[in-house]
Amino acid sequence: MRSLTSIRPWYLGIVTPPLAVATTLAALLTLSPPASAAPVPDVPAVAVAPEAAPDASSDASSAVTSGLSADASGLSLGADAAAVPDAVPADAVDSPAVLARAVQFKGAAFDTCQAPPLATMKAWRSSSYRGVGVYFGGRGRGCPNQQHLSRSWLASVDGMGWRVLPIFVGSQSPCVRSAAKQKVRMGSRSATQGRTEGRQAAEAAGKLGIRQGSALYLDMEAYDADNAGCARTTLAFVRAWNREVRGQGFLPGFYSSAASGVRHMEQARRAGQSDLPSVMWFARWGSGSSLYGEPTLHADAWRPHRRIHQYAGNVTETHGGRRLVVDRNTVDAPVARFKP
């Protein structure tokens, strides 16, 4: 926010009724027009470790139909939020250097719990898909033991022409709906936790050869955002995760149910909140594959090239003789970058 730091006493010597002067001053003092903030600096590359079995996993996600309250009280951050300094809202904070490196992809993508064998990825080149969601890290992953995902797997997939959407399933909201995620709920100091897990995401990406300028997507499963206290805690985590990921030279993306986490982020955007996701991946099944018809998002929000729609889930498909159970997505967004 840009504050009115000084007001020259231009009104002195003018014969004006005292009440009118007071009214004028009160109006001036409440002005706080937005200002541009300095861009996030271009930081050195995350160190890449030697080839090793990564700590990576994946999660099959689902959409929910619960709505959010119009009450914006859930947008306040709580005591731990002081760890996340204010910045300008959403899309304006990404470093131009990071954006210049970003690889954009527009087309169809699938995600599935386990990264498939390379033979399957090769066979699925016969499909209309050209993007693949890969659950590369986080303590909340549904498939913690990845049999195939590695630095060399990603390099091979990239060489086949696939565009990779890296997904991080970290700590979940205190009021997460999924029973399977109850054991990985975030604590009360969620901003500190979000910052730590943002650093973990950047480090895990680096070890897998995912370079700066890539989008990293935080998977936050559906939660009860009507609960104001829970909403504050969750938003503090997301903002801190975003800020850390940006500071490490990546673009922070956010995945959640359209009627839950995504609507919560849109409420925060409309309220002028800072440190929001750069890219929005919303899950709404059975509603068509449109990117820009989602009712919970303003038509101008998270665009251009900042949206992904997961429009169907748990679908069995066979291509090239290889069968997978996948979620279907329409993408117009940044993906992983592997080459200098």
Side-chain angles (χ1 to χ4, degrees), residues 39-40 42-43 45-46 88-111 115 121 124-125 127-136 154-168 201-202 205-206 208-219 241-242 245-256 258 262 265-266 269 276-284 288-294 297-311 326-340:
V40 177
D42 189 20
V43 300
V46 178
V88 297
D91 297 350
V93 299
D94 295 315
S95 164
V98 172
L99 291 172
R101 296 182 185 139
V103 175
Q104 300 288 340
F105 168 66
K106 188 173 184 178
F110 72 90
D111 62 273
M121 295 303 296
W124 273 52
R125 286 287 296 171
S127 73
S128 61
Y129 295 113
R130 289 297 178 265
V132 57
V134 175
Y135 296 82
F136 75 98
L154 284 168
S156 297
V157 165
D158 179 62
M160 292 179 195
W162 289 99
R163 296 305 192 188
V164 175
L165 299 158
I167 307 165
F168 184 88
L208 288 168
I210 299 172
R211 300 178 65 89
Q212 288 182 315
S214 301
L216 306 181
Y217 292 91
L218 175 65
D219 183 325
W241 193 92
N242 293 342
V245 166
R246 280 194 177 101
Q248 295 286 343
F250 296 90
L251 294 168
F254 180 79
Y255 166 90
S256 191
V262 171
M265 293 303 116
E266 170 66 354
R269 185 194 67 81
L276 295 181
S278 299
V279 192
M280 190 58 63
W281 188 341
F282 58 95
R284 187 181 291 280
S289 59
S290 170
L291 283 170
Y292 299 107
E294 170 51 44
L297 294 174
H298 189 278
D300 295 330
W302 283 284
R303 62 186 306 175
H305 315 305
R306 300 296 182 101
R307 290 194 186 189
I308 304 172
H309 180 187
Q310 185 184 89
Y311 62 90
V326 302
D327 297 336
R328 295 171 174 168
N329 305 274
T330 300
V331 182
D332 183 9
V335 293
R337 173 176 169 267
F338 295 99
K339 297 178 177 62

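Because the structure is predicted, anything quoted here is derived from the model rather than measured. All values below come from the heavy atoms of this structure, side chains included, with hydrogens, waters and symmetry mates left out.
- The heavy-atom pair separating A333 from I308 by the smallest distance is CB-CG1, 3.7 Å.
- Counting all heavy atoms, side chain and backbone alike, M121 lies closest to W162 at O-NE1, 3.2 Å.
- When every heavy atom of F282 is checked against every heavy atom of L297, the shortest pair comes out as CD2-CD1, 4.0 Å.
- Of the inter-residue distances, the one linking R163 atom CZ with D158 atom CG reads 6.5 Å to the nearest 0.5 angstrom.
- Note that CD of Q212 is 8.0 Å distant from CD of Q248, once rounded to the nearest 0.5 Å.
- Note that CZ of R211 and CZ of R101 are 8.0 Å apart. Values are rounded to the nearest 0.5 Å.
- S278 and R306 get closest at one heavy-atom pair: O-NH1, 3.0 Å.
- Every residue meeting the side chain to side chain donor-acceptor pair (under 3.5 Å) condition with W281, not counting sequence neighbours, appears here in chain and number order: N329.
- R307 places no side-chain N or O within donor-acceptor distance of the main-chain N or O of P304, the cut-off being under 3.5 Å.
- The two residues A201 and F136 make their nearest non-hydrogen contact at O-CE1, 3.4 Å.
- The side chain to side chain contact (heavy atoms under 4.5 Å, CB included) test applied to A215 returns Y217, L251, P334, not counting sequence neighbours.
- Atom CG of residue L218 and atom OG of residue S256 lie 9.0 Å apart, to the nearest 0.5 angstrom.
- In this structure, the separation between CZ on R284 and CD on Q310 is 12.5 Å, given to the nearest 0.5 Å.
- Among residues two or more places apart in sequence or in another chain, the side chain to side chain contact (heavy atoms under 4.5 Å, CB included) test is passed with H298 by E266, R269, R270, D300, A301.
- At a threshold of 4.5 Å between non-hydrogen side-chain atoms, the residues F168 and D219 do not count as touching.
- A donor-acceptor contact shorter than 3.5 Å is absent between the side chain of W241 and the backbone of P252.
- Residues that satisfy the side chain to side chain contact (heavy atoms under 4.5 Å, CB included) test with S156, not counting sequence neighbours, are L118.
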Pair V326-W124, side chain to side chain contact (heavy atoms under 4.5 Å, CB included): steps then yes or no: CA-CA 12 Å; V326 302; W124 273 52; 3.9 Å; yes

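- Distance alone, capped at 3.5 Å, is enough to place a donor-acceptor pair between the S214 side chain and the R337 backbone.
- Atom CG of L99 is separated from atom CD of Q104 by 8.5 Å, given to the nearest 0.5 angstrom.
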For V164 and V132, what are the C-alpha separation, side-chain angles and deciding distance, and is it a side chain to side chain contact (heavy atoms under 4.5 Å, CB included)? CA-CA 5 Å; V164 175; V132 57; 4.1 Å; yes

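- Shown here for H309 and S289, the closest heavy-atom pair between the two residues is ND1-C, 3.6 Å.
- In this structure D332 satisfies the side chain to side chain contact (heavy atoms under 4.5 Å, CB included) test together with K106, L291, Y292, H305, sequence neighbours excluded.
- Taking F105 as the reference, nothing meets the ring pair (Phe, Tyr, Trp, His ring centres under 6.0 Å) condition, with sequence neighbours excluded.
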